[in-house]
Amino acid sequence: MKEKIQENLVKILDNLYGKELRIDELSVTLQENSDKNHGDLASNIALILAKPLKTNPQIIANTIKDAFINDEDLIKVEVAGPGFINFFLSTKTHNEVLKQIFKEKDSYGKSEPNNQTVLIEYVSSNPTGPLHVGHGRGAVFGSVLANLLREAGFKVDEEYYINDFGRQMNILAASLWLRYAQLFNNEINMIKNGYQGEYLISIADSLKQIQSDKFYSSQEEVSILIDPEKDEDEAFTDKIVEAIHSMLGEDFFFLRNFALEEILKIIKKDLLDFGVNHNYWFSESSLYEPDGSVKSKVDKSIEELSSLGFVYEKEDAVWFRSSDFGDDKDRVLKRSNGEHTYFASDVAYHSDKYDRGYDRVINIWGSDHHGYTPRVNAAMEASNRDIKKLEVVYIQFANLIRAGEKVTMSTRSGEFITLKELMDEVTTEAARFFYINRKADQHLDFDLDLAKEQSKDNPLYYIQYAHARICSVLKKSNTMIKDLIDSDLSLLDLEKEVEIQKILKQYPSVVERAAKSSEPHLICYYLKDLAGLFHSYYNSEKFIVEDEKLMNSRLFLLNGIKQVLLNGLLVLGINAPDEM
RNA sequence: GCCCCGUUAGCUCAGUCGGAUAGAGCGCUGGAUUCCUAAUCCAGAGGCCAUAGGUUCAAAUCCUGUACGGGGCACCA
């Protein structure tokens with residue numbers, strides 16, 4: 001119907017003013033009205049035309065209005081306010097959506113496949129410990145965005161980038177050895193800059209079970225090296241790590257890989273429990289392995305930039321001319337000690353993402369990374385890759401609130417709340433919903449007490465309750481939905497019923513907009529609105545009534561609401577229970 | 001100093017391509033249960049959309065300045 005009116009407007013415009021005025025070149029809108037007094041649809045066309053035509057908008061509006069031909073589904077055309085044209089549609093036009101939902105079921109809201117591929121990289125926390133609550137927001141955001149883009153017709157891959165290379169991994173290996181050694185000699189101290197978390201103790205425990213004392217002999221002098229006086233110093237940490245390394249030789253790498261694999265197991269399990277499914281796990285180390293010939297991907301990337309003339313040496317380090325591409329300053333690829341920087345990995349990694357042929361590459365990063373984007377963009381631009389394909393979404397930090405107070409955490413001492421603990425405390429679903437319920441660029445206060453509450457104060461329960469209530473009514477009515485398809489839907493003419501149908505009709509465009517602008521929270525707000533309309537309807541009308549025709553039409557409406565609530569919750573990765 | 005994000009009701013926050021009288025929940029005040037789940041609903045009070053300019057027929061929305069808050073500016077990852 002909307003399309004029909006739009007066509008009509010174009011036609012009328014052509015007749016009235018000739019072809020010079022092209023409706024599609026002007027910012028003319030035909031939009032759904034929120035205020036029912038203004039009809040179902042409104043156009044600002046007369047306001048836009050007022051200037052080029054040098055005519056009062058109200059006069060233009062009335063001229064257009066008079067040119068509209070009669071249509072049984074168009075009840076009334078009206079000029080209002082400064083010159084809006086309002087269109088009032090028949091109730092029949094509102095019923096169409098219910099049949100559509102019934103027909104499309106789980107697919108209602110999905111767009112046709114568009115043959116485009118997207119890679120979303122997210123979470124990618126360092127594999128040096130379990131995920132904590134700080135990672136939760138990005139995890140949910142990424143997985144919901146992936147769902148949304150699938151709804152919008154994209155083929156989506158989800159990837160976790162494992163930072164399993166460099167200094168931190170060596171500190172991890174050393175930390176594991178110290179925990180392991182403590183099992184044989186309780187006088188051995190842990191280094192302050194090592195990984196203090198309890199998880200390493202249990203990993204050390206399983207290491208001992210598998211390998212017994214293979215990596216420990218009692219005459220170790222290494223532990224004596226740990227001097228509590230100097231222990232705060234990072235350089236001192238490296239010395240200890242190096243000492244453990246040379247003592248263990250090749251075994252050091254065994255310990256490193258053992259720790260890495262055990263921790264990845266924990267991370268993978270936590271993500272899975274959280275409803276997050278990465279289909280690729282990309283290892284940073286793999287970028288340093290010779291690829292086919294003799295060169296690693298990192299070396300090849302640097303050579304590529306070098307051959308294009310964007311690399312130079314200064315003070316024994318290798319630099320990339322990122323400032324040629326808008327970055328604040330040039331960046332180091334290879335340090336004077338011969339080691340590559342994290343940035344060097346990232347150049348190779350992003351090049352690899354491009355080379356895999358995706359149409360879009362999305363990174364979901366913490367907002368503290370925003371200063372990092374220009375140099376990555378610079379590297380892609382320098383190597384003639386289209387930077388429009390690369391999108392970065394920044395996620396602001398989340399605070400946990402308990403009893404009205406901010407929960408303080410310190411990563412250093414290992415005193416952080418893990419994602420698993422959060423799931424155990426408030427349930428996975430509540431955690432997902434509360435993380436996604438805010439715009440990504442908005443700071444988030446995660447109220448633990450509210451997430452646990454089972455009442456209308458908790459928006460997730462409010463939505464799920466609406467779904468359960470509908471299921472309960474449908475069950476009690478003893479009706480099969482497929483028998484309702486021929487119901488007389490024109491009976492759904494109450495104000496609330498019309499409003500609900502209009503909202504149901506908006507669902508596909510809400511999904512589309514949420515996907516397009518990377519704003520999953522829009523789904524939450526939509527579902528809250530829809531649930532609210534239903535609860536209000538529920539309280540004002542009875543559905544299981546004597547009049548069978550009326551009952552059937554209302555049940556058919558309820559079925560539509562139920563389906564959309566279900567579809568929306570599925571996008572969020574949240575269950576829609578039949579009873580509560 | 002430079003860069004990013006924010007500032008909307010007492011609190012926590014929505015607000016689409018700039019559209020008509022600014023939205024929700026909580027909290028506050030007052031109501032609704034013989035009835036399909038009261039885990040719900042209805043009504044009321046509550047606003048200088050941080051601030052000063054600009055663009056426009058029209059600005060919470062776009063542009064510029066200012067103030068306040070959060071974050072970032074490594075040969076760390």
Side-chain angles (χ1 to χ4, degrees), chain A residues 27-29 31-35 37-38 42 44 46-48 50-51 56-57 80-84 86 126 128 163 165-169 234 284 314-319 328-329 331-343 345-346 366-374 394 396-397 399 401 404 437-445 447 450 453-459 461-462 464-466 468-477 506 509-510 513-514 516-517 519 521-522 524-525 528-529 531-532 534-545 551 554-555 558 579-580:
Chain A
S27 47
V28 169
T29 58
Q31 62 190 18
E32 275 104 39
N33 278 323
S34 46
D35 186 339
N37 295 323
H38 296 145
N44 64 349
L47 294 163
I48 301 290
K51 199 168 191 188
N56 183 318
F84 288 100
N86 293 332
N126 287 337
T128 52
N163 299 128
F165 190 81
R167 178 170 175 260
Q168 295 304 323
M169 294 311 295
E234 297 271 342
E284 183 185 4
K314 191 179 89 183
E315 292 161 7
D316 296 328
V318 177
W319 295 72
D328 295 340
K329 53 181 182 181
R331 305 291 173 177
V332 172
L333 290 164
K334 199 172 184 178
R335 292 186 264 160
S336 51
N337 66 6
E339 285 175 19
H340 289 93
T341 58
Y342 180 80
F343 174 56
S345 303
D346 246 359
S367 61
D368 55 337
H369 278 66
H370 92 268
Y372 190 74
T373 308
Y394 301 103
Q396 289 286 345
F397 295 115
N399 292 317
I401 308 290
N437 188 30
R438 290 275 177 272
K439 256 183 359 197
D441 55 14
Q442 189 74 248
H443 290 273
L444 168 69
D445 284 335
D447 188 330
L450 181 58
E453 200 162 311
Q454 308 206 350
S455 75
K456 65 181 175 181
D457 298 357
N458 181 336
Y461 277 87
Y462 186 78
Q464 290 183 318
Y465 181 47
R469 258 186 160 175
I470 294 174
C471 290
S472 166
V473 173
L474 293 177
K475 194 174 162 196
K476 192 148 280 181
S477 72
Q506 286 171 15
S509 64
V510 172
R513 199 170 68 235
K516 200 172 166 185
S517 57
E519 296 183 320
H521 73 282
L522 293 175
C524 299
Y525 282 88
K528 272 187 266 183
D529 283 349
F534 163 73
H535 286 307
S536 169
Y537 183 39
Y538 181 96
N539 273 271
S540 66
E541 306 303 326
K542 211 159 150 33
F543 310 129
I544 299 174
V545 288
M551 175 174 91
R554 287 184 173 172
L555 292 179
L558 291 196
E579 51 185 44
M580 292 172 74

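The figures that follow rest on heavy atoms only: side chains count, while hydrogens, waters and symmetry mates do not.
Ring orientation note: the planes of Phe543(A) and Phe534(A) are close to parallel, at an angle under 30° on the 30°/60° scale.
For the C1' atoms, the distance linking G54(B) with A59(B) amounts to 11 Å, nearest Å. For the C1' atoms, the distance from G18(B) to U56(B) is 9 Å, rounded to whole Å. Of the P atoms belonging to U16(B) and C57(B), the separation is 22 Å, rounded to the nearest Å. Comparing G15(B) with A74(B), their C1' atoms are spaced 41 Å from each other, to the whole Å. One P atom belongs to C48(B), the other to C5(B), and the distance between them is 27 Å to the nearest Å. For the P atoms, the distance from U8(B) to G47(B) is 15 Å, rounded to whole Å. Comparing the C1' positions of C13(B) and A60(B) gives a spacing of 14 Å, expressed to the nearest Å. U21(B) and U34(B): their P atoms are spaced 42 Å apart (whole Å).
Between Arg167(A) and Glu339(A) the shortest side-chain heavy-atom distance does not fall below 4.5 Å. Contact check for Tyr342(A) versus Asn163(A): side-chain heavy atoms found under the 4.5 Å cut-off. Residues Gln396(A) and Leu444(A) fail the side-chain proximity criterion, which asks for heavy atoms closer than 4.5 Å. The shortest side-chain heavy-atom distance between Lys439(A) and Glu519(A) falls under the 4.5 Å cut-off.
Side chain of Ile544(A), nearest nucleotide from C75(B), C57(B), C36(B): C36(B). Of the candidates A77(B), C36(B), A74(B), A77(B) carries the atom nearest the Tyr372(A) side chain, counting heavy atoms from C-beta on. For Tyr465(A), the side-chain atoms get nearest to A38(B) when compared with the rest of A20(B), A38(B), G71(B). The side chain of Arg331(A) lies closest to A74(B) when the candidates are A77(B), G19(B), A74(B).
Side-chain N/O atoms of Glu315(A) and base N/O atoms of C75(B) include a donor-acceptor pair closer than 3.5 Å. One donor-acceptor pair, N or O on each side, does fall under 3.5 Å between the base of A20(B) and the side chain of Asn86(A). Side-chain atoms of His535(A) stay outside donor-acceptor range of the base of C41(B), with no qualifying N/O pair under 3.5 Å.
For the pair Phe84(A) and Tyr342(A), both in contact range of RNA chain B, the more 5′-proximal nearest nucleotide belongs to Phe84(A). Both His38(A) and Gly532(A) sit near RNA chain B, but only His38(A) has its closest nucleotide nearer the 5' end.
Distance alone, capped at 3.5 Å, places no donor-acceptor pair between the Thr341(A) side chain and the Lys334(A) backbone.
Residue Asp441(A) contributes atom CG, which lies 17 Å from atom P of G72(B) at whole-angstrom precision. When rounded to the nearest whole Å, the span between CD of Glu541(A) and P of C41(B) equals 15 Å. In this structure, the CZ atom of Phe534(A) is 13 Å from the C1' atom of A39(B), given to the nearest Å. Spacing between atom NZ of Lys528(A) and atom P of G25(B) amounts to 10 Å, rounded to whole angstrom units. Going from atom OH of Tyr394(A) over to atom P of G71(B) covers 18 Å, rounded to whole Å. Separating the CG atom of Asn539(A) from the C1' atom of U37(B) is a distance of 11 Å, rounded to the nearest angstrom. Straight-line distance from the CG atom of Leu47(A) to the P atom of U56(B): 16 Å, rounded to whole Å. For the pair His369(A) NE2 and C73(B) P, the interatomic distance rounds to 9 Å; values are reported in whole Å.
Paired runs in RNA chain B that reach 3 or more consecutive Watson-Crick or G-U pairs, where each pair keeps both distances under 3.5 Å, cover B:1-7 with B:67-73, B:10-13 with B:23-26, B:28-32 with B:40-44, B:50-54 with B:62-66.
The phosphate of C35(B) has neither OP1 nor OP2 within less than 4.0 Å of any side-chain N or O from Tyr538(A). For Ser336(A) and C75(B), the shortest distance from a side-chain N or O to OP1 or OP2 is not below 4.0 Å. Proximity of Ser536(A) to the phosphate of C42(B): a side-chain N or O atom is located under 4.0 Å from OP1 or OP2. Contact check, Arg335(A) against A77(B): a side-chain N or O comes under 4.0 Å of OP1 or OP2. Look at Lys476(A) and you'll find a side-chain N or O under 4.0 angstrom from OP1 or OP2 of U37(B). Taking side-chain N and O atoms only, Tyr537(A) has no distance below 4.0 Å to OP1 or OP2 of C36(B).
Taking both residues in full, the closest heavy atoms of Ala466(A) and Ala531(A) are given as CB-CB, 3.9 Å, listed atom of the first, atom of the second, then distance. Between Thr128(A) and Met169(A), the shortest heavy-atom distance links the atoms CG2-SD, 4.4 Å. Nearest heavy atoms, Ile544(A) versus Val473(A): CD1-O, 3.8 Å. Taking each heavy atom of Pro459(A) and Lys528(A) in turn, the nearest pair found is CB-CD, 3.5 Å.
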Enumerate donor-acceptor pairs with a distance under 3.5 Å from any side-chain N or O in residues 535-542 of chain A to protein atoms, sequence neighbours excluded.
unit_1	atom_1	unit_2	atom_2	d
His535(A)	ND1	Arg469(A)	NH1	3.1
His535(A)	NE2	Tyr462(A)	O	3.1
Ser536(A)	OG	Lys496(A)	NZ	3.3
Tyr537(A)	OH	Glu497(A)	OE2	2.6
Asn539(A)	ND2	His535(A)	O	2.9
Ser540(A)	OG	Lys496(A)	NZ	3.4
Ser540(A)	OG	Ser536(A)	O	3.4
Ser540(A)	OG	Tyr537(A)	O	3.2

Q: Begin with the C-alpha distance, continue with both residues' side-chain angles, and end with the deciding distance and a verdict on side chain to side chain contact (heavy atoms under 4.5 Å, CB included) for Leu47(A) and Phe84(A).
A: CA-CA 7 Å; Leu47(A) 294 163; Phe84(A) 288 100; 3.8 Å; yes

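Heavy atoms of Lys516(A) sit nowhere under 4.0 angstrom from any nucleic acid atom. Residue Ala42(A) is in base contact, counting any heavy-atom pair closer than 4.0 Å across all strands shown. Contact annotation for Ala50(A): no contact, since no heavy-atom pair falls under 4.0 Å across all strands. Note on Phe165(A): only backbone sugar-phosphate atoms sit closer than 4.0 angstrom, heavy atoms only; bases stay farther off. Across all strands, Glu579(A) comes closer than 4.0 Å to base atoms (heavy-atom distances).
Summarising the geometry, atom CD1 belonging to Ile401(A) is positioned 7.0 Å from atom CG belonging to Asp447(A); distances are rounded to the nearest 0.5 Å.
The glycosidic torsion of C48(B) lies more than 90° away from 0, placing the base in the anti range.
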Q) Which parts of nucleotides 8-16 of chain B does protein reach within less than 4.0 Å, heavy atoms only, written one letter per nucleotide 5' to 3' as B for base, S for sugar-phosphate only and - for none? A) ----SSSSB

